[in-house]
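Positions are given from 1, in the same order as the sequence printed here.
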Amino acid sequence: MDQVKTMFSILSLLVAATFAALYIYIFSLHTEMSGMKVEGTDEVVSAASFPVEYERVEDFVADFHEYYNRTTGYGMIDRELDLEDQQIHVNAAISYIDDFLKNGVAHEDLKRDLEAIKDISSRDLTRVEIRSLHRYYHDLDKAFNHYDHEDTFGVTETFGDQ
């Protein structure tokens, strides 16, 4: 019986250490990329790289959701945010959304969601707006790209309240 307790204790410690190491690794990736400068220039490396243009809304949604996962997901939103980098991304999102809306969006629910993202992106950024944007991209990513995650926030017209 004592051997079972000892083995269970050791196994519990190993699992806890693994999760702690994973958390530290994810946090270090975020800090390593944030604000890093390219050698020989004043250009700051952004957490996400944007193609010249997006032809499909699905690709735009996936890339921006990935950006928000890296910068605000997994508890990162409660840490210090690089608001300048966040502003760069919302400005880019507004530009991409304007292009999508100008070229026509066939799905009315998606059009309303893109307009809502644009509206939120146009406000002064706080954690509330950033969290809301992350949730929009999250639900849209689930709807269009079958992003595999158990949570749904129910903020979009496209995905609904599922």
Side-chain angles (χ1 to χ4, degrees), residues 19 21-39 41-105 107 109-162:
F19 280 112
L22 180 62
Y23 178 80
I24 290 168
Y25 174 72
I26 289 171
F27 179 72
S28 69
L29 283 178
H30 170 74
T31 356
E32 184 178 310
M33 287 302 293
S34 187
M36 196 168 76
K37 295 196 182 251
V38 176
E39 207 171 301
T41 71
D42 287 335
E43 183 180 341
V44 175
V45 175
S46 173
S49 59
F50 302 111
V52 173
E53 65 182 61
Y54 287 102
E55 292 184 23
R56 298 174 353 120
V57 174
E58 296 91 325
D59 297 334
F60 161 75
V61 165
D63 282 355
F64 274 73
H65 183 217
E66 183 181 338
Y67 167 74
Y68 283 100
N69 274 344
R70 279 196 312 263
T71 61
T72 68
Y74 313 106
M76 297 301 289
I77 192 142
D78 296 323
R79 299 190 182 273
E80 185 177 339
L81 294 173
D82 183 348
L83 291 177
E84 185 178 328
D85 188 52
Q86 294 288 330
Q87 190 64 55
I88 289 168
H89 285 79
V90 296
N91 291 344
I94 290 170
S95 180
Y96 290 128
I97 289 170
D98 283 342
D99 286 344
F100 290 130
L101 294 175
K102 181 179 73 177
N103 293 329
V105 176
H107 195 278
D109 288 341
L110 174 60
K111 182 178 178 182
R112 284 191 292 276
D113 289 334
L114 291 175
E115 288 170 343
I117 290 171
K118 184 178 172 184
D119 176 60
I120 295 166
S121 297
S122 300
R123 300 177 195 161
D124 288 337
L125 288 183
T126 67
R127 278 179 171 60
V128 172
E129 284 77 24
I130 294 168
R131 179 178 281 120
S132 182
L133 289 169
H134 187 178
R135 289 178 175 179
Y136 265 94
Y137 288 116
H138 173 94
D139 283 5
L140 288 174
D141 205 8
K142 284 186 77 166
F144 288 115
N145 301 314
H146 308 292
Y147 176 67
D148 187 25
H149 196 277
E150 61 195 39
D151 291 336
T152 302
F153 297 103
V155 295
T156 65
E157 299 285 328
T158 304
F159 197 75
D161 207 9
Q162 298 176 6

Side-chain heavy atoms of Phe64 within contact of Ile117, under 4.5 Å: no

Beyond-backbone contact of Glu129 with Val90, side-chain heavy atoms, under 4.5 angstrom: no

To the closest 0.5 Å, what do you measure between CD (Glu58) and CG (Asp141)? 10.0 Å

Nearest 0.5 Å please: distance from the CG atom of Leu133 over to the CG atom of Leu125. 7.0 Å

Can you confirm if the aromatic rings of Phe144 and Tyr137 lie within a centre distance of less than 6.0 Å? no

Do Tyr54 and Asp99 make a side-chain contact, defined as non-hydrogen atoms from C-beta onward lying under 4.5 Å apart? no

Asp98 and Lys118: side-chain contact (heavy atoms from CB on, under 4.5 Å), yes or no, with the steps? CA-CA 8 Å; Asp98 283 342; Lys118 184 178 172 184; 2.4 Å; yes

Identify whether the distance between the nearest side-chain nitrogen and carboxylate oxygen of Arg131 and Asp78 falls below 4.0 Å. yes

Between the CZ atom in Phe100 and the CZ atom in Arg56, the distance rounded to the nearest 0.5 Å is 10.0 Å

So does Asp148 have more than 12 non-hydrogen atoms from other groups sitting under 6.0 Å from CG? no

Kindly determine whether Leu110 and Leu140 satisfy side-chain contact (heavy atoms from CB on, under 4.5 Å), including the steps that lead there. CA-CA 9 Å; Leu110 174 60; Leu140 288 174; 4.2 Å; yes

Rounded at 0.5 Å granularity, tell me how far OG1 in Thr156 sits from NZ in Lys142. 10.0 Å

Decide side-chain contact (heavy atoms from CB on, under 4.5 Å) for Ser132 and Val155; before the verdict, give the C-alpha distance in whole Å, the side-chain angles of both, and the deciding distance to 0.1 Å. CA-CA 8 Å; Ser132 182; Val155 295; 5.8 Å; no

Between His65 and His134, how do the two ring planes meet: parallel, tilted or perpendicular, split at 30° and 60°? tilted

Is the ring pair Tyr67/His89 parallel, tilted or perpendicular, if the boundaries are 30 and 60 degrees? parallel

Steps toward side-chain contact (heavy atoms from CB on, under 4.5 Å) verdict (Asn69, Tyr147): CA-CA 12 Å; Asn69 274 344; Tyr147 176 67; 3.3 Å; yes

Looking at every non-hydrogen atom in both residues, tell me the closest pair between Thr71 and Leu81 and how far apart they are. O-CD2, 3.8 Å

Give, for atom CD of Gln86 and atom CD1 of Ile130, the distance between the pair rounded to the nearest 0.5 Å. 4.0 Å

Any donor-acceptor pair under 3.5 Å linking the side chain of His138 with the backbone of Asp151? yes

Start with the C-alpha distance between Asn91 and Gln87, add both sets of side-chain angles, then the distance that settles side-chain hydrogen bond (donor to acceptor under 3.5 Å, both in side chains), and finish with yes or no. CA-CA 6 Å; Asn91 291 344; Gln87 190 64 55; 3.0 Å; yes

Rounded at 0.5 Å granularity, tell me how far CD in Glu115 sits from CG in Leu101. 5.5 Å

Option from Leu114, Asp113, Thr158 for which side chain to side chain contact (heavy atoms under 4.5 Å, CB included) with Tyr136 holds: Asp113

Is a salt bridge present between Arg135 and Asp139, judged by a nitrogen-to-oxygen distance below 4.0 Å? no

